[in-house]
Amino acid sequence: MVRIGKNLLTNPFATSRSSLTCTYKCGNACADDAPNEFSDNEYFGDVAKEAFSQRAFSRRAALKVTGASALAVGGGAVLAACSSDGSGSAAGGSDASGTAAAGDGSKGESPEGMRFDAVKPNTEDAVVIPDGYEQNVLIRWGDPIHEGGPEFDFDKQTPENQKKQFGFNNDFAGLIKAEDGTLLYVCSHEYTTEPMMFRAYKKEDATKEQVDIGLAAHGQTILAVEEDDKGFLKPILSDKRNRRITGFTEFTVDGPAAGHDLLKTKADPTGMKIEGTLNNCSGGVTPWGTYLSGEENVDQYFGNVEKLEDKEAVKKLKRYSVKNKELSDRAWEKYYDRFDVSKEPNEPNRFFWCVEIDPSDPNSTPIKHTALGRFKHEAGQIHVTDDGTVVCYSGDDERFEYVYKFVSSRKVKEGDLKHNMGILSEGTLYVGKFSGNSESEIDGSGELPKDGRFDGDIEWLPLMTAKADGKHESHVDGMSAEEVCIYTRIAGDKVSATRMDRPEDIEPSPKTGKVYVALTNNKYRGKAGEKDDKGKERTDGAGRPLADAVEVAPVTENKNGLVLEMEDDHAGTKGKWNLLLVCGDPNEAYTYFGGFDKESVSPISCPDNLAFDEYGNLWISTDGNALDSNDGLFAVAVEGERRGETKCFLTVPVAAETCGPQIFSNRVMVNVQHPGEIETDQGHPVGDNPDPTTNPTSHWPDGGKEQPRPAVVQVVRTDGKKIGA
């Protein structure tokens with residue numbers, strides 16, 4: 001395929017995410033300098049989820065995994081628009097049988113699982129789904145999770161009630177079958193947006209009650225559910241396993257860094273007991289019936305870095321984006337010293353971990369696994385090799401950061417939960433180094449190399465090995481194994497890992513074993529020495545000259561993102577990679593859809609979370625759509641003659657993000673995060689509406705004049721048959 005080159009730097013970089021979302025979701029990470037400024041590693045890219053647009057959609061995710069007890073689950077919806085006739089125009093589509101629409105240039109049928117009407121781009125304040133499907137909401141923010149629990153009242157919230165109610169901004173989701181056959185829905189609550197939760201909120205005037213409600217709305221929900229005659233799930237409020245894990249819940253620590261001096265605080269001189277989990281994004285379900293949750297943008301919760309006298313500590317905090325000079329975005333440090341780094345400089349070291357939770361035991365203590373490394377965990381997805389070796393993949397979701405995997409030295413023992421919950425405590429942590437095989441042909445236009453693929457090799461670089469006898473081994477000069485675990489980003493810098501375009505969810509295919517990585521976007525991909533309109537050399541967020549496009553990031557200003565496919569030697573150190581998608585408007589020359597005819601695909605922008613259906617199709621949720629449409633959920637064929645075919649299954653409401661997709665044979669579920677999270681009043685500047693709870697831009701899911709509420713949406717076929725079949 002020959003395509004016309006185009007320098008995208010002439011186009012303004014913008015996503016649909018609002019500045020309100022950027023502030024409370026990630027502390028405006030993309031508006032600041034990139035934290036990876038301590039090495040000269042090659043770029044995979046520099047990402048930006050730009051913050052200041054009129055419409056807001058957000059991000060983050062969910063995780064899934066392969067395994068006997070892993071079923072899956074996703075998000076919420078109520079206000080339904082069961083139509084494919086949204087505003088905007090799709091680039092092609094299919095009739096209900098999956099046969100390509102007339103004149104779209106394709107032949108034959110979509111794969112099983114993808115035979116539905118493609119939903120067109122739109123900006124409706126609704127979850128829009130194909131004709132022939134229906135939807136409902138499983139649970140929304142504030143709904144009780146216990147029988148007789150407190151009902152939600154927006155204007156009468158309390159911390160005690162929130163601890164018994166579904167939390168805010170649900171992200172990752174999974175469905176686990178307990179030993180007695182009960183289905184347990186598990187879900188992370190990534191962050192709170194206080195201006196959307198409280199009337200006329202100002203952080204400077206935040207009350208302790210508001211702070212405690214925010215802490216209680218973070219964390220996790222475990223909810224027993226059952227299926228009705230239509231295939232929808234509904235809560236079992238009487239189940240004793242129903243549980244909220246919050247910013248107050250006690251966690252224990254394992255792995256090399258457990259009990260290390262850098263994890264000790266005045267409140268916990270042991271370094272073994274951590275209060276709470278925060279900013280839990282994507283995760284994964286394990287084959288042994290537990291679930292993993294990644295702590296991501298935790299930097300924003302800490303303040304008073306300026307008052308810390310230890311300059312080396314300040315530098316290391318900055319490497320993890322902890323840099324609020326004074327008051328943090330939520331001002332929690334006004335009431336809790338643990339969020340004031342001048343008083344507790346080690347507290348940030350107690351976060352940015354991947355946590356493991358046993359949903360079957362409501363009295364179990366969740367674990368923070370230090371052997372998996374400390375970074376902004378997006379995902380914690382498990383692949384089990386034929387001989388039982390467990391491999392856990394994770395992305396570090398910030399621009400210039402890395403892709404990791406952990407190869408356990410323990411193997412799965414069926415039915416032995418005690419043994420299996422130690423699997424992620426022993427083994428070797430690796431970081432990825434990616435190289436292209438046609439680098440000399442890459443010019444930033446997105447034109448395919450002569451070999452017809454963007455592809456190359458992977459080398460996994462060992463960082464640390466955690467051993468059962470406690471004699472852990474570092475593979476990084478100048479760092480102990482414990483330091484590698486605590487300062488994993490710095491360890492990646494030292495071994496010259498490949499900088500990525502904000503790696504988000506990572507998902508191994510249960511059919512083929514191939515591993516897929518969502519790379520959301522990249523504001524700073526450019527040409528070294530390029531000048532701006534004032535004649536000044538363009539730089540990245542850290543003040544360095546722009547990086548040239550490379551084969552793994554072949555488009556100048558990658559504003560719509562990429563999907564990477566890895567053929568990995570899972571337990572080994574070698575692999576191959578290629579780009580499945582170069583996302584964007586299929587009418588643009590630079591986009592690439594696995595070689596599939598671009599006249600017959602849905603536009604897709606800013607891939608975030610990933611999942612698979614029973615047929616092996618990849619499903620992608622998006623966050624921050626840069627194509628003037630609401631975010632959505634897309635199915636993509638990854639094998640066969642129709643590889644790269646991309647179809648939109650649903651879109652989410654105004655300013656919302658699509659998270660935690662879970663695809664079953666008879667049901668699709670997604671988490672709808674931060675609907676209406678935008679600081680404008682029907683398009684007017686924020687100054688005209690300083691309180692977004694007065695006349696909000698969305699009323700989903702309850703409609704009318706109700707406040708928007710994050711929720712879990714379920715979609716089934718009206719005729720009861722299989723999804724997309």
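Computed from a prediction, not measured in an experiment: that's the story for all the values here.
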Taking atom types as modelled, find out whether Asn136 and Gln714 have a side-chain donor-acceptor pair closer than 3.5 angstrom. yes
Would the distance check show the side chain of Arg115 and the main-chain N or O of Ser110 forming a donor-acceptor pair, the cut-off being under 3.5 Å? yes
Is it true that the side chains of Glu504 and Thr520 contain a donor and an acceptor less than 3.5 Å apart? yes
Is Lys598 salt-bridged to Glu645, cutoff N-O under 4.0 Å? no
Establish, for the pair Lys511 and Tyr615, whether the NZ or CZ atom is under 6.0 angstrom from the six-membered ring centre and no further than 45 degrees off its axis. no
Can a side-chain donor-acceptor contact be found between Glu190 and Gln673 if the only test is distance below 3.5 angstrom? yes
Backbone N/O of Phe116 and side chain of Lys647: donor-acceptor pair under 3.5 Å: yes
Residue pair Val517 / Met566, side-chain heavy-atom distance below 4.5 Å: yes
Flag the pair Phe454 / Trp577 as yes when their ring centroid distance falls below 6.0 Å, and as no otherwise. no
Would Lys405 and Ser394 count as having a side-chain donor-acceptor pair, cut-off 3.5 Å? no
Mind checking whether Phe168 and Trp141 have ring centres under 6.0 Å apart? yes
Just by modelled atom types, is the Ser621 backbone N or O under 3.5 Å from a matching donor or acceptor in the Thr658 side chain? no
Check the side chains of Asp568 and Tyr393 for a donor-acceptor pair under 3.5 angstrom, ignoring hydrogens and angles. yes
Would Glu112 and Asp613 count as a side chain to side chain contact (heavy atoms under 4.5 Å, CB included) if you check the C-alpha gap in whole Å, the side-chain angles of each, and the deciding distance to 0.1 Å? CA-CA 10 Å; Glu112 285 279 344; Asp613 63 24; over 6 Å; no
Step by step, work out the side-chain hydrogen bond (donor to acceptor under 3.5 Å, both in side chains) result for Thr193 and Glu677. CA-CA 8 Å; Thr193 311; Glu677 192 168 284; 2.5 Å; yes
Is Glu398 paired with Lys376 through a side-chain N to carboxylate O contact shorter than 4.0 Å? yes
Only one of Cys606, Cys583, Ser605 forms a side chain to side chain contact (heavy atoms under 4.5 Å, CB included) with Asn521, so which one is it? Cys606
Which class fits the ring pair Tyr133 and Phe649: parallel under 30°, tilted 30 to 60°, perpendicular over 60°? perpendicular
If I compare all heavy atoms of Gly584 with all of Tyr590, which pair ends up nearest, and what's the gap? CA-OH, 4.2 Å
Determine whether a donor-acceptor pair (N or O, by modelled atom type, separation under 3.5 Å) exists between the side chain of Thr286 and the backbone of Gly284. no
Centroid separation under 6.0 Å, is that true for the rings of Phe375 and Tyr404? yes
Taking the side chain as everything from C-beta on, heavy atoms only, tell me whether Pro603 gets closer than 4.5 Å to Pro586. yes
Is there a side chain to side chain contact (heavy atoms under 4.5 Å, CB included) between Trp700 and Arg140 once you walk through the steps? CA-CA 10 Å; Trp700 187 89; Arg140 58 180 67 73; over 6 Å; no
Within-4.5 Å side-chain heavy-atom neighbours: His189 and Asn280: no
If we only count heavy atoms from C-beta on, is the Arg643 to Leu580 side-chain gap below 4.5 Å? yes
Charged N-O contact under 4.0 Å between Arg453 and Asp451: no
Residue pair Asp505 / Tyr516, side-chain donor-acceptor N/O under 3.5 Å: no
Is a donor from one side chain sitting under 3.5 angstrom from an acceptor on the other, for Thr651 and Glu124? no
Taking the side chain as C-beta and beyond, is there a heavy-atom pair between Glu565 and Asp455 under 4.5 Å? no
Validation row: Phe664, Met669 side chains within 4.5 angstrom (heavy atoms): yes
Can you find a heavy atom in the side chain of Pro708 that is under 4.5 Å from one in the side chain of Asp125? no
Strictly distance-based, threshold 3.5 Å: is any side-chain N or O of Gln135 a donor or acceptor partner for the main-chain N or O of Val127? yes
Residues forming a ring pair (Phe, Tyr, Trp, His ring centres under 6.0 Å) with Phe634, sequence neighbours excluded: none
Can you find a heavy atom in the side chain of Ile176 that is under 4.5 Å from one in the side chain of Leu183? no
Verdict with supporting geometry, Leu579 and Val563, side chain to side chain contact (heavy atoms under 4.5 Å, CB included): CA-CA 6 Å; Leu579 292 182; Val563 176; over 6 Å; no
Are the side chain of Arg502 and the backbone N or O of Gly395 linked by a donor-acceptor pair below 3.5 Å? no
If you measure only the distance, is there a donor-acceptor pair under 3.5 Å linking the side chains of Asp608 and Thr622? no
Applying salt bridge (charged side-chain N to carboxylate O under 4.0 Å, His left out), can you list everything that pairs with Glu614, at least two apart in sequence or on another chain? Lys722
Is the backbone N or O of Glu109 less than 3.5 Å from a side-chain atom of Arg642, with the two atoms forming a donor-acceptor pair by type? yes
Would you say that more than 12 heavy atoms from the other residues, nucleotides or ligands in this model lie under 6.0 Å from the CD of Glu227, or not? yes
